[in-house]
Colleague: 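I am attaching a structure below and will ask some questions about it afterwards.
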Amino acid sequence: RPARPRRLVPLPMESPGGAPVVTCTPLEQRVFDTLLEVAREDGSGLTLRVAGGWVRDKLLGRDSADIDVALDTMLGREFAERVNAHLERMGEETHRVGVIQSNPEQSKHLETATMRVHGVWLDLVNLRSETYTEQSRIPSMSFGTPQTDAERRDLTINSLFYNVNTRAVEDFTGRGVADLRAGVVRTPLAPRETFLDDPLRVLRAVRFASRLGFALDSALAEAAGDAGVQAALRTKVSRERVGAELDGMLRGPDPAGAMEHLARLSLYDTVFAPDGLQPGPAAPWACLHALRLASGVLEGAGLGGMLGEEERRVALLAAWLLPLRHRTVRRGKPGREKEVPAAEAVVREQLKARAKDAEAVAVMHAAAAELRGALPEAGGAAVAHCCTTSRAALARPLKASKGLWPGALALAAVLAHPRTAVLEGGDGAERLRALEEE
């Protein structure tokens, strides 16, 4: 079920006349004043703009530490060095400037300088313009205007600028503020063009929609299912970047909502299926069903409060992968191949997560299967019956799962749920989707 667009309402940070307003904290204003002093010393007429997420979150009335400064006539590294020189003259503390190199082949188009000013982390980058040739999809980069830079960003709600010089919000796409008010995730340009520029933006759109409770624009949803876009997501984007986006979804306020978007956009195979595994059309709905049930058990039975943030993330990942627990893929050199659990391959290969995450998923799957035998056919209520179950029957699997035992117990309740048997029976995607929509 796609998220419903919100009723048009004033933004939390909006003047009575309807103009968007950014209110800086005293520390933020001190940082911006320092940057302006450096720009004025230069005498080149440099304009400083804070871009993207910081502006979006400020207008939504949220705190943000994600300050990206866009420069119109200077590279980020050069300006960062001038800022440090100014701070040193003023007797202020300085820190090393870090530089993240561009990597166009992996859709990382701009060099970014990172530094701390008055204890606040900043990313500094120049406004960009891109020129493509017929021979290559990798653009040549040059200084751009705020208009071209905004149009080349991932989403309209992330394309807003806060002009530090004038202290005003700038909406060069003409849609950013309106989409924030309406609760819509939309691309500045045609979505297919935006996605082919950086295919990871498909997953970013899903993450922001689930995080903010926004609806996906219909044209965006259609482009996300485009074969060319999905092929580019598989081949052009590093799996580490894919894994980072999935990690953000699982840590967010609505992991199941994010995964439902992935299922509805036909992104399951592109994101999760490792080589040698054909999950089938029912897989995304089986995984979504398991994730929803596990989330409900964790919250309804009070188990979620027993897990730290990391343990909760891994427990939700294990729930999402639970329907794959009997599937395997073959790995190794010819003649020396062995069967590897499909869930492990997803975690290690598709998401490039830590080895300990793959081990944790395996531990919870094994413990859940053993605990399942000690639980009645009661679904989420199965957890409440644990007190009537033999301690010996529960002790070994709970001990084996260590600090992850609340997650393992939630997964066992999923396995005990009567609908889970239907899902595993292979009734097909339409039946699974029908169950999810009941």
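Counting begins at 1 with the first residue of the sequence. Excluded from the calculations below are hydrogen atoms, water molecules and symmetry mates; all remaining heavy atoms, backbone and side chain alike, are included.
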Colleague: Would you say the side-chain atoms of Q350 pair up with the backbone N or O of A273, donor to acceptor, closer than 3.5 Å?
Modeller: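 Answer holds: yes.
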Colleague: Identify whether the distance between the nearest side-chain nitrogen and carboxylate oxygen of E37 and R89 falls below 4.0 Å.
Modeller: no
Colleague: Under the side-chain hydrogen bond (donor to acceptor under 3.5 Å, both in side chains) test, which residues partner S295, sequence neighbours left out?
Modeller: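 If we apply the side-chain hydrogen bond (donor to acceptor under 3.5 Å, both in side chains) test to S295, skipping adjacent residues, there are no hits.
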Colleague: Mind checking whether R116 and L122 have side chains closer than 4.5 Å, heavy atoms only?
Modeller: no
Colleague: For residues F79 and N126, determine if any side-chain heavy atom of one lies less than 4.5 Å from a side-chain heavy atom of the other.
Modeller: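 F79 does not reach N126 side chain to side chain.
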Colleague: Would you mind checking if R327 and E339 are paired as a salt bridge, meaning a charged N to carboxylate O distance below 4.0 Å?
Modeller: no
Colleague: Can you tell whether the side chains of R325 and E344 come within less than 4.0 Å, N to carboxylate O?
Modeller: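 No salt bridge links R325 with E344.
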Colleague: Could you grab the distance from atom CG of L36 to atom CD of E41, nearest 0.5 Å is fine?
Modeller: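 One gets 11.0 Å once the value is rounded to the nearest 0.5 Å.
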Colleague: Any side-chain heavy-atom pair from L288 and W320 closer than 4.5 angstrom?
Modeller: yes
Colleague: Under the side chain to side chain contact (heavy atoms under 4.5 Å, CB included) criterion, do D123 and M115 qualify, and how do the steps go?
Modeller: CA-CA 7 Å; D123 285 354; M115 70 180 310; over 6 Å; no
Colleague: So H261 and L216, side chain to side chain contact (heavy atoms under 4.5 Å, CB included) or not? Walk me through it.
Modeller: CA-CA 9 Å; H261 280 308; L216 293 174; 3.4 Å; yes
Colleague: Answer yes or no: is there a donor N or O on one side and an acceptor on the other, between the side chain of T148 and the main chain of G144, under 3.5 Å?
Modeller: no
Colleague: Are the side chains of L46 and D72 in touch, meaning some heavy atoms are under 4.5 Å apart?
Modeller: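 They are in contact (side-chain heavy atoms under 4.5 Å apart), so the answer is yes.
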Colleague: Go through it in stages, so that I can follow the logic: the residues are T156 and D179, the test is side-chain hydrogen bond (donor to acceptor under 3.5 Å, both in side chains), and I'd like the CA-CA distance, side-chain angles, deciding distance and then a yes or no.
Modeller: CA-CA 7 Å; T156 58; D179 286 342; 2.7 Å; yes
Colleague: Any carboxylate oxygen within less than 4.0 angstrom of a Lys/Arg side-chain nitrogen, looking at R30 and E92?
Modeller: yes
Colleague: Is there a donor-acceptor contact under 3.5 Å linking the side chains of R153 and N158?
Modeller: no
Colleague: State which residues pass side chain to side chain contact (heavy atoms under 4.5 Å, CB included) with E78; sequence neighbours excluded, sorted by chain then number.
Modeller: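 Per chain and number, E78 pairs via side chain to side chain contact (heavy atoms under 4.5 Å, CB included) with M74, R82.
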Colleague: What residue among L265, V346, L203 forms side-chain contact (heavy atoms from CB on, under 4.5 Å) with V271?
Modeller: L203
Colleague: Taking atom CG of D154 and atom CG of L189, what is their separation to the nearest 0.5 Å?
Modeller: 11.5 Å
Colleague: Between Y268 and W285, is the ring centre distance below 6.0 Å?
Modeller: no
Colleague: For A290 and V414, work out which heavy atoms get closest and say how close.
Modeller: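 Looking at all heavy atoms of both residues, the closest pair is O-CG2, 3.8 Å.
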Colleague: Closest heavy-atom contact between S159 and T173?
Modeller: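 Residues S159 and T173, closest heavy atoms: OG-CG2, 3.3 Å.
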Colleague: Closest approach of S210 and G257, non-hydrogen atoms and distance?
Modeller: CB-C, 4.4 Å
Colleague: Measure the shortest side-chain to side-chain distance between I100 and E111 over non-hydrogen atoms and say whether it is less than 4.5 angstrom.
Modeller: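 I100 vs E111: side chains apart.
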Colleague: Looking at D149 and R152, is any side-chain nitrogen of the basic one under 4.0 Å from a carboxylate oxygen of the acidic one?
Modeller: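 Between D149 and R152 there is no salt bridge, as every charged N stays at least 4.0 Å from the carboxylate O atoms.
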Colleague: Show the numbers, then the answer: is there a salt bridge (Lys or Arg N to Asp or Glu O under 4.0 Å) between R175 and D171?
Modeller: CA-CA 7 Å; R175 303 294 296 269; D171 184 3; over 6 Å; no
Colleague: Evaluate the ring planes of F172 and F161, with Trp represented by its six-membered ring, and classify them as parallel (under 30°), tilted (30 to 60°) or perpendicular (over 60°).
Modeller: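 Because their plane-to-plane angle is over 60°, the rings of F172 and F161 count as perpendicular.
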Colleague: Go through R331 and E349 one step at a time and tell me if the salt bridge (Lys or Arg N to Asp or Glu O under 4.0 Å) criterion holds.
Modeller: CA-CA 11 Å; R331 292 291 183 267; E349 299 171 13; 2.8 Å; yes
Colleague: Could you pull out all residues at least two apart from E299 that satisfy side-chain hydrogen bond (donor to acceptor under 3.5 Å, both in side chains)?
Modeller: none
Colleague: Is there a side-chain contact between D275 and V329 in this structure, where contact means two heavy atoms from C-beta onward sitting under 4.5 Å apart?
Modeller: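 D275 vs V329: side chains apart.
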Colleague: More than 12 non-hydrogen atoms from neighbouring residues, nucleotides or ligands closer than 6.0 Å to CZ on R167, yes or no?
Modeller: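 Count not over threshold, so no.
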Colleague: Answer yes or no: is there an ion pair linking D198 with R241, defined by an N-O contact shorter than 4.0 Å?
Modeller: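 A salt bridge is present here (some side-chain N lies under 4.0 Å from a carboxylate O).
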Colleague: Measure from the side-chain N and O atoms of K236 to the backbone N and O of L196, and report whether any donor-acceptor pair falls under 3.5 Å.
Modeller: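 Pair found, side chain donor or acceptor close to backbone of L196.
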Colleague: Does the pair T187 and D217 meet the rule for a side chain to side chain contact (heavy atoms under 4.5 Å, CB included), with working shown?
Modeller: CA-CA 8 Å; T187 55; D217 170 60; 5.8 Å; no
Colleague: Quick check: closest heavy atoms across V97 and A113, and the distance to 0.1 Å?
Modeller: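 In this case the closest contact between V97 and A113 is CG1-CB, 4.2 Å.
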Colleague: How far does CZ of R211 sit from CZ of R251, to the nearest 0.5 angstrom?
Modeller: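 Interatomic distance, R211 CZ to R251 CZ, rounded to 0.5 Å: 13.5 Å.
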Colleague: Look up atom NZ in K58 and atom OG in S64, then write down how far apart they are to the nearest 0.5 Å.
Modeller: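 That separation rounds to 7.5 Å.
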Colleague: Is there a side-chain hydrogen bond (donor to acceptor under 3.5 Å, both in side chains) between T34 and H86? Walk through the geometry before answering.
Modeller: CA-CA 9 Å; T34 296; H86 172 85; 5.5 Å; no
Colleague: Report the distance from atom CG of D269 to atom CG of L277, rounding to the nearest 0.5 Å.
Modeller: 8.0 Å
Colleague: Can a salt bridge be assigned to the pair R313 and D247 using a cut-off of 4.0 Å between side-chain N and carboxylate O?
Modeller: yes
Colleague: Could you check whether any side-chain heavy atom of D63 comes within less than 4.5 Å of a side-chain heavy atom of D57, counting everything from C-beta outward?
Modeller: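 A side-chain contact is absent here, since even the closest heavy-atom pair is not under 4.5 Å.
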Colleague: Taking the inter-plane angle between the rings of W54 and Y162 on a 0 to 90° scale, is it parallel (under 30°), tilted (30 to 60°) or perpendicular (over 60°)?
Modeller: tilted
Colleague: Looking at every heavy atom in both Q230 and S266, which two are closest together, and how far apart are they?
Modeller: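 Nearest pair, atom of Q230 first, then S266: NE2-O, 3.2 Å.
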Colleague: Let me know which of L322, V361, L291 forms a side-chain contact (heavy atoms from CB on, under 4.5 Å) with L317.
Modeller: V361
Colleague: I want to check something: taking the side chain as every heavy atom from C-beta on, are V120 and E28 in contact at a cut-off of under 4.5 Å?
Modeller: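 Sidechains of E28 and V120: no contact.
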Colleague: Which atoms form the tightest heavy-atom contact between L48 and N165, and what is the distance?
Modeller: N-OD1, 2.9 Å
Colleague: From L71 CG over to T47 OG1, what is the distance, rounded to the nearest 0.5 angstrom?
Modeller: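 Those atoms lie 10.0 Å apart.
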Colleague: Using the side chain to side chain contact (heavy atoms under 4.5 Å, CB included) rule, take L411 and H365 through it: C-alpha gap first, then chi angles, then the decisive distance, then the call.
Modeller: CA-CA 7 Å; L411 298 192; H365 283 184; 3.9 Å; yes
Colleague: So, E170 and R49, do they make that salt bridge, N to O below 4.0 Å?
Modeller: yes
Colleague: If we count only N and O atoms by modelled type, under 3.5 Å, do the side chains of E88 and T94 hold a donor and an acceptor together?
Modeller: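 Per modelled atom types, E88 and T94 side chains form no pair under 3.5 Å.
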